[in-house]
2 protein chains.
Amino acid sequence: MNAQDLLKKYQLSVTDSRLSVLHIFMQSGGALSHSDIEGRLKGLHDRVTVYRTLQTFADKGIIHQIPTTDNAVLYALCKENCAGGHHHDNHVHFLCTECEITTCLDDVMVPTVKLPRGFRQNDVKMVVTGVCKLCK
Amino acid sequence: MNAQDLLKKYQLSVTDSRLSVLHIFMQSGGALSHSDIEGRLKGLHDRVTVYRTLQTFADKGIIHQIPTTDNAVLYALCKENCAGGHHHDNHVHFLCTECEITTCLDDVMVPTVKLPRGFRQNDVKMVVTGVCKLCK
DNA sequence: GTAACTGCAAAATATTTGCATCCTT
DNA sequence: AAGGATGCAAATATTTTGCAGTTAC
């Protein structure tokens, strides 16, 4: 799905800023910080607009905030919308100790961890155990 | 280990601020934000001192930053020092695809995830797959 | 034309730095 | 006594808010 259709799908007006920010996400294929984005826009748009754009996208579920172990605030496109297939299965799984059912928490992305020097990362799995919505 | 000995172990002078902050961590037994700590100090110490204290503790490995999925910056005592035994086994594990050895990354704490409404959390496991320091 | 979006200014918040004074060792 | 830690003031950085002008639909 291209940037324009994506915006329409979420009933957002198609504007320059939004298209630019979406293109930046699509091209990078990964997680970006506010200042990464600001940098790549090269002053084309106001800093405040970037904040508002990211907020809007996050509200609509186009992007997610991804926390990292060094506490930078990163954003990334959500899986569903990532037509290019570049995304991994990077949401958190939940195992309920009552019903023993494992649920995909699609809205909860796996945080990015910062590994010690020398480690190369391939894949991250995160499983939360507890009591699910239905069993509580 | 009590707060005073802990400071001595890390060759830090024993001061009011540091003792207070350590006590707050020990009593809470969990992760705290800068403002949590500031709040519990009730104006007894300067805001800047809290920043510096947290920084010093983090440098020495007394506390860790813990990212969360809602991007609050949280700190918690490191396991080793947590004499009370209140800590869980909350560091990240690393599975190397070359040597197939699983390593504890003691320095990398498992981020706190914010679950959707209705879920109760018990335990979190995080496993990173990749190539370890020795095999790379 | 109307509602929504943007850019600018400025407020609010969060974090860092410099320096003189005070406290720990 | 000496070095480090604190508190205050102020500089910087980050994020939010208000509003007038502009743009998408």
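Note that the structure is predicted; figures quoted are calculated from it, not measured. Per chain, numbering begins at 1; letters A, B, ... match sequence-line order.
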Visitor: How close or far is atom P of dA13(D) from atom NE2 of His34(B), stated in whole angstroms?
Guide: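 Going from His34(B) (NE2) to dA13(D) (P), I get 19 Å.
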Visitor: Please examine the side chains of Met126(B) and Pro111(B), heavy atoms only from C-beta on, and report whether any two atoms are closer than 4.5 Å.
Guide: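 Side-chain contact under 4.5 Å: yes.
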Visitor: Side chain of Ser13(A), heavy atoms from C-beta onward: which of dG7(D), dT25(C), dC25(D) has the nearest atom to it?
Guide: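 Among the listed nucleotides, the one closest to the side chain of Ser13(A) is dC25(D).
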Visitor: Does OP1 or OP2 of dG7(C) have a side-chain N or O of Thr49(A) closer than 4.0 Å?
Guide: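 Answer is yes, contact under 4.0 Å.
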Visitor: Going by an N to O cut-off under 4.0 Å, is there a salt bridge joining Arg18(B) and Asp16(B)?
Guide: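 A salt bridge is absent here (no side-chain N lies under 4.0 Å from a carboxylate O).
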Visitor: Looking only at atom types and distance, does a side-chain atom of Thr129(B) sit under 3.5 Å from a main-chain N or O of Asn122(A), one as donor and one as acceptor?
Guide: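 It does not hold such a pair.
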Visitor: To the side chain of Arg18(B), which of dT16(D), dT6(D), dC5(C) is closest?
Guide: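 The answer is dT6(D).
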Visitor: In whole angstrom, what separates Arg47(A)'s CZ from dT16(D)'s P?
Guide: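 Value for this atom pair: 12 Å.
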Visitor: Rounding to an integer number of Å, can you tell me how far Tyr51(A) OH sits from dA12(C) P?
Guide: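 One finds 17 Å between P of dA12(C) and OH of Tyr51(A), rounded.
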Visitor: For Leu12(B) and Val48(B), take the nucleotide of DNA chain D holding the closest heavy atom to each; which residue's nucleotide lies nearer the 5' end?
Guide: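 Whichever sits nearer the 5' end wins; that is Leu12(B).
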Visitor: Using whole Å, what does the distance between atom C1' of nucleotide dT14(D) and atom CD1 of Ile37(A) come to?
Guide: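 Rounded to the whole Å, the gap is 15 Å.
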Visitor: When you match Gln55(B) and Asp16(B) each to their closest nucleotide on DNA chain C, which lands nearer the 5' end?
Guide: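 So the residue in question is Gln55(B).
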Visitor: Roughly how many Å is it from OH in Tyr10(A) to C1' in dC25(D), rounded to a whole number?
Guide: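 Rounding to the nearest Å, OH of Tyr10(A) and C1' of dC25(D) are 21 Å apart.
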Visitor: Looking at Asp36(A) and Ser33(A), would you say the former's side chain and the latter's main chain have a donor-acceptor pair under 3.5 Å?
Guide: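 The answer is yes, because a donor-acceptor pair under 3.5 Å joins these two groups.
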Visitor: How many Å lie between CG on Asp46(A) and P on dT22(D), as a whole number?
Guide: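 It is 15 Å, rounded to the nearest whole Å.
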Visitor: Taking only side-chain nitrogens and oxygens of Ser17(B), does any of them come within less than 4.0 Å of OP1 or OP2 of dT6(D)?
Guide: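 Yes.
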Visitor: Return the nearest nucleotide to the side chain of Thr53(B); candidates are dT15(C), dT6(D), dT6(C).
Guide: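 Side chain of Thr53(B) sits closest to dT6(D).
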Visitor: Below the 4.0 Å mark, does dA5(D) have OP1 or OP2 next to a side-chain nitrogen or oxygen of Arg52(B)?
Guide: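 Answer no for this pair, as no side-chain N or O of Arg52(B) is under 4.0 Å from OP1 or OP2.
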Visitor: What integer distance in Å separates Leu7(B):CG from dG4(D):C1'?
Guide: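 It is 14 Å, rounded to the nearest whole Å.
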Visitor: For dG7(C), take OP1 and OP2 only and decide whether either is under 4.0 Å from a side-chain N or O of His45(A).
Guide: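 Checking His45(A) against dG7(C): at least one side-chain N or O falls below 4.0 Å of OP1 or OP2.
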Visitor: Would you indicate, yes or no, if dT6(D) has its OP1 or OP2 atom less than 4.0 angstrom from a side-chain nitrogen or oxygen of Thr15(B)?
Guide: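 Checking dT6(D) against Thr15(B), a side-chain N or O does come within under 4.0 Å of OP1 or OP2.
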Visitor: When the distance from CD of Glu38(B) to P of dA14(C) is rounded to whole Å, what number comes out?
Guide: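 So the CD-P distance, Glu38(B) to dA14(C), works out to 9 Å.
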Visitor: Does a side chain donor of either His93(A) or Thr102(A) reach within less than 3.5 Å of an acceptor in the other side chain?
Guide: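 Thr102(A) and His93(A) do not have a side-chain donor-acceptor pair below 3.5 Å.
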